[in-house]
Amino acid sequence: MRWDPIMLDLPEWLAEVTTPALVSTADRMEFVVELARTNVERRTGGPFGAAIFESGSGVLVAPGVNRVVPTSMSFAHAEIMAIGIASQKLGTFDLGAPEFPHLQLVASTEPCALCMGATVWSGVRSIVTGARDEDARAIGFDEGPKVDDWVGALTGRGIEVETDVGRAEAAAVLNAYAASGQIIYNGRRDA
């Protein structure tokens, strides 16, 4: 039996997105929150945005937005998309390889169980997050069985963590998504 290849794609509007180097983490977060907001407004996926940046220079390596519903793939989270695009662009599975500058993942919401694992295995050296796990759960998203001290788990593996950057703005995107009536997928409220 022949299987068709898996196709993960970003929405067409993302090809139009450009940004100068973003030196501050606040500016990087503003960028990914805007990706999430646009994804919601254009109805091209869930309320999550992410990007990989060169830590020192702030150069954008790869953007990502949530594409779970449009692709019918439960793992098409914004962080996974950004990590995958960065890996393909740089031609490596290890974004922490010594020949690359330190790379940072900036995500509009704390990582769910899936994205936490992907963060560890990607090789990024740091992660910056906006909205909290509780903000995503409050609108019905199932963030999975994540360790309680996820920050400690990542820092213990040498990954720097900064949280609550632009939290209010990122949480507002989550709330706008819920208010829009779009699908809250994998909402296992009874589990």
Side-chain angles (χ1 to χ4, degrees), residues 9-55 57-71 76-86 103-112 114-116 118-119 122 124-143 146 150-151 154 159-185:
D9 64 340
L10 290 172
E12 290 183 21
W13 61 263
L14 198 53
E16 304 163 11
V17 173
T18 60
T19 184
L22 300 172
V23 178
S24 77
T25 55
D27 288 343
R28 294 174 196 176
M29 182 58 67
E30 185 178 316
F31 175 77
V32 300
V33 168
E34 186 56 33
L35 291 178
R37 182 179 294 108
T38 303
N39 210 35
V40 170
E41 290 171 354
R42 295 197 183 197
R43 302 178 87 77
T44 54
F48 305 97
I52 303 286
F53 291 93
E54 289 184 6
S55 295
S57 69
V59 169
L60 175 65
V61 177
V65 291
N66 179 284
R67 298 284 288 159
V68 169
V69 173
T71 63
H77 293 200
E79 297 93 328
I80 303 296
M81 300 297 283
I83 289 167
I85 292 165
L103 297 178
Q104 178 181 70
L105 172 61
V106 179
S108 63
T109 304
E110 290 178 3
C112 66
L114 171 71
C115 295
M116 184 171 162
T119 298
S122 71
V124 296
R125 304 294 180 96
S126 65
I127 181 172
V128 177
T129 64
R132 291 185 182 175
D133 178 277
E134 63 204 55
D135 299 325
R137 289 182 193 271
I139 67 164
F141 279 103
D142 178 358
E143 297 298 278
K146 191 169 81 175
W150 68 273
V151 172
L154 291 181
I159 300 169
E160 297 173 15
V161 179
E162 185 176 355
T163 62
D164 293 337
V165 176
R167 179 183 178 194
E169 295 81 3
V173 174
L174 295 171
N175 293 327
Y177 183 81
S180 75
Q182 295 182 59
I183 297 172
I184 305 287
Y185 52 87

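Just so it is clear, the model here is predicted, and its values are computed rather than measured.
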Using modelled atom types only, decide if a donor and an acceptor are shared between the side chain of Asn39 and the backbone of Pro47 within a distance under 3.5 Å. no
Calculate, to the nearest 0.5 Å, the distance between atoms CD and CG belonging to Glu54 and Leu103 respectively. 6.5 Å
Do the non-hydrogen side-chain atoms of Leu10 and Ile85 ever get within less than 4.5 Å of each other? yes
So do the side chains of Cys115 and Ile80 get within less than 4.5 Å of each other, counting heavy atoms only? yes
Under the salt bridge (charged side-chain N to carboxylate O under 4.0 Å, His left out) rule, what do Arg137 and Glu134 come out as? Steps first, then yes or no, please. CA-CA 5 Å; Arg137 289 182 193 271; Glu134 63 204 55; over 6 Å; no
Ser57 and Val23: which non-hydrogen atoms are nearest, and at how many Å? O-CG2, 4.3 Å
Is a donor from one side chain sitting under 3.5 angstrom from an acceptor on the other, for Gln104 and Ser126? yes
Residue pairs, two or more places apart or on separate chains, that pass side-chain hydrogen bond (donor to acceptor under 3.5 Å, both in side chains) and touch residues 12-21: Trp13-Thr44
Closest heavy-atom pair and its distance - Ala36, Gly49: CB-N, 3.5 Å
Nearest non-hydrogen partners of Ala107 and Glu79, listed with the distance: CB-OE2, 3.7 Å
Between the side chains of Asn66 and Tyr185, is a donor N or O closer than 3.5 angstrom to an acceptor N or O? yes
What are the two closest heavy atoms between Ala86 and Ala62, and how far apart are they? N-CB, 3.5 Å
As a quick check of understanding, evaluate side chain to side chain contact (heavy atoms under 4.5 Å, CB included) for Leu60 and Leu22, giving each step before the final call. CA-CA 8 Å; Leu60 175 65; Leu22 300 172; over 6 Å; no
Stepwise side chain to side chain contact (heavy atoms under 4.5 Å, CB included) test for Trp150 and Thr163: CA-CA 11 Å; Trp150 68 273; Thr163 62; 3.8 Å; yes
Distance, nearest 0.5 Å, that separates CZ of Arg132 from CG of Asp164: 4.0 Å
Which value, rounded to the nearest 0.5 Å, describes the distance between Thr119 atom OG1 and Ile159 atom CD1? 6.5 Å
Do Val17 and Phe31 have side chains that approach each other closer than 4.5 Å (heavy atoms only, starting at C-beta)? yes
For the student: nearest non-hydrogen atoms of Glu143 and Glu110, plus distance: OE1-O, 4.0 Å
Roughly how far, to the nearest 0.5 Å, is the CG atom of Leu154 from the CD1 atom of Ile127? 6.5 Å
For the residue pair Glu30 and Glu169, establish whether any side-chain heavy-atom pair is separated by less than 4.5 Å. no
Measuring only between side-chain heavy atoms, which start at C-beta, is Ser108 closer than 4.5 Å to Leu35? no
Take atom CD of Glu160 as the centre, draw a 6.0 Å sphere, and report whether it contains more than 12 heavy atoms from other residues, nucleotides or ligands. no
Exercise: identify the closest heavy-atom pair between Ile83 and Ser122: CG2-CB, 3.7 Å
Where do Arg28 and Val32 land on the side chain to side chain contact (heavy atoms under 4.5 Å, CB included) test, with the steps shown first? CA-CA 6 Å; Arg28 294 174 196 176; Val32 300; 6.0 Å; no
Got Arg67 and Asp9 here, is their nearest side-chain heavy-atom distance under 4.5 Å? yes
Taken to the nearest 0.5 Å, the spacing of Met29 CE from Arg167 CZ works out to 12.0 Å
Would you compute the distance between atom OG1 of Thr109 and atom NE2 of His77 and round it to the nearest 0.5 angstrom? 11.5 Å
Between Val173 and Phe48, is a side chain to side chain contact (heavy atoms under 4.5 Å, CB included) present by the stated rule, with each step listed? CA-CA 8 Å; Val173 174; Phe48 305 97; over 6 Å; no
